[in-house]
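Step one of this worksheet: look at the structure below.
Keep in mind that the numbers below use all heavy atoms, side chains included, and drop hydrogens, waters and symmetry copies.
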Amino acid sequence: MRSWVHSVKPLGDFKLVAAGLSNEDNGAASLPPLLETLSDTSGKDDGALAKALALLFEPSPILYSTLVPALAAHIQHAPPILSYRALIDAALGVIASWPDDQKAQFIAAHPRIGEVKGLSQLSAQEQAAKATPPEVLARLAHLNAYYERRYPGLVYITFVNGRSRAEVKDEMEDALGLEHSLSPDEPPLDSAVSVEVGSEEWHKELERAVEDVGKIAKSRLKTLGVETAQPS
């Protein structure tokens, strides 16, 4: 039996298919009106709430199966939600109650830093795909693999916030305690010392990733022309 630690990736083209988008029409995506989103208590994958959450957080099986129905139920009993930022906060509150395995599956919906295929339009814009030298992409692929050896079951997530992939590469190296480099295979993957799943360090890294997913979602509001406030 495969454990959840080995099942969070890959999601492949599920991102576009589940969101009802193709590579051609994904650029026309927009959030439903807030009132329509908040009024959707169906819990269905094609409902307004599901579509909004998929745009803000990236579509994934756990978003549709767990977050959408849980948030729909929360909305019915919570104080009035007056903005999409407040809806994101409500969603993060629901996610905070999840066990670690579900949180890990949720963050894995976001593409790895440096991926260039199967990206939603928003992810491609955030990672500045067309401006990245191939040697940086190769280095990022190695750093992602090294990180996933260090933190089994997790995928490296960061709020890019307009930075280039080269800048994020440096951040990853600093986080992993590695020298800045463009090597596609150093240090060797088998030199990575794994952090125990569920340990304090592993859990801290998981919570940091969830927090950054929230920052990404809030930054997307500006991209989608909904709100202009900076993510917090």
- Message: Between Ile62 and Leu67, does the side chain to side chain contact (heavy atoms under 4.5 Å, CB included) criterion hold? Intermediate values first, please.
- Response: CA-CA 7 Å; Ile62 197 164; Leu67 180 58; over 6 Å; no

Backbone N/O of [Y] and side chain of [X]: donor-acceptor pair under 3.5 Å:
X: Ser39; Y: Glu36; value: no
X: Thr66; Y: Leu63; value: no
X: Glu167; Y: Ser164; value: yes
X: Glu148; Y: Ala145; value: no
X: Ser194; Y: Arg149; value: yes
X: Ser181; Y: Ser183; value: yes
X: Ser65; Y: Pro61; value: yes
X: Thr37; Y: Pro33; value: yes
X: Arg163; Y: Phe159; value: yes
X: Trp98; Y: Ala104; value: no

Contact between [X] and [Y] at the side-chain level, heavy atoms closer than 4.5 Å - yes or no?
X: Ile107; Y: Asp212; value: no
X: Asp100; Y: Trp202; value: yes
X: Val68; Y: Asp40; value: no
X: Leu92; Y: Val213; value: no

- Criterion side-chain hydrogen bond (donor to acceptor under 3.5 Å, both in side chains) on Glu171 and Thr158, from CA distance to verdict: CA-CA 9 Å; Glu171 175 193 284; Thr158 188; 2.8 Å; yes

- Report yes or no: is the cationic atom of Arg208 (NZ for Lys, CZ for Arg) closer than 6.0 Å to the six-membered ring centre of Tyr156, at no more than 45° off its axis? yes

Give, for atom [atom1] of [X] and atom [atom2] of [Y], the distance between the pair rounded to the nearest 0.5 Å.
X: Asp46; Y: Tyr64; atom1: CG; atom2: OH; value: 9.5 Å
X: Glu211; Y: Ile216; atom1: CD; atom2: CD1; value: 11.0 Å
X: Asp174; Y: Lys169; atom1: CG; atom2: NZ; value: 9.0 Å
X: Glu207; Y: Ile95; atom1: CD; atom2: CD1; value: 10.5 Å
X: Ile75; Y: Leu49; atom1: CD1; atom2: CG; value: 5.0 Å
X: Ile88; Y: Leu53; atom1: CD1; atom2: CG; value: 9.0 Å

- Message: Pair Val226, Leu34 - check side chain to side chain contact (heavy atoms under 4.5 Å, CB included), show working.
- Response: CA-CA 10 Å; Val226 177; Leu34 180 62; over 6 Å; no

- Item | Arg150/Glu205 ion pair, N-O < 4.0 Å | no

- Item | Salt-bridge criterion met for Asp45 and Lys51 (N-O under 4.0 Å) | no

- Count the heavy atoms belonging to other residues, nucleotides or ligands that lie under 6.0 Å from CD of Glu200, then report whether that count exceeds 12. no

- Considering non-hydrogen atoms only, spot the tightest contact between Ser42 and Gly47 and give its length. OG-CA, 4.5 Å

- Task: Of all the heavy-atom pairs spanning Tyr146 and Pro188, show the shortest one and how long it is.
- Result: CE1-O, 3.7 Å

- Task: Under the ring-ring contact (aromatic ring centres under 6.0 Å, His included) rule, collect the residues that match up with Tyr151, sequence neighbours excluded.
- Result: Tyr147

- Item | Pairs where residues 136-145 contributes a residue and the test side chain to side chain donor-acceptor pair (under 3.5 Å) is met, not counting sequence neighbours | Arg139-Glu173

- Task: Kindly indicate, with the supporting measurements, whether the criterion side chain to side chain contact (heavy atoms under 4.5 Å, CB included) is fulfilled by Leu178 and Leu143.
- Result: CA-CA 10 Å; Leu178 304 177; Leu143 291 174; 3.8 Å; yes

- Message: Glu58 vs Arg220, test: salt bridge (charged side-chain N to carboxylate O under 4.0 Å, His left out). Steps then yes/no.
- Response: CA-CA 11 Å; Glu58 296 285 320; Arg220 289 182 171 186; 2.8 Å; yes

- Tell me, please, which residues at least two apart from Lys204 pass side chain to side chain contact (heavy atoms under 4.5 Å, CB included). none

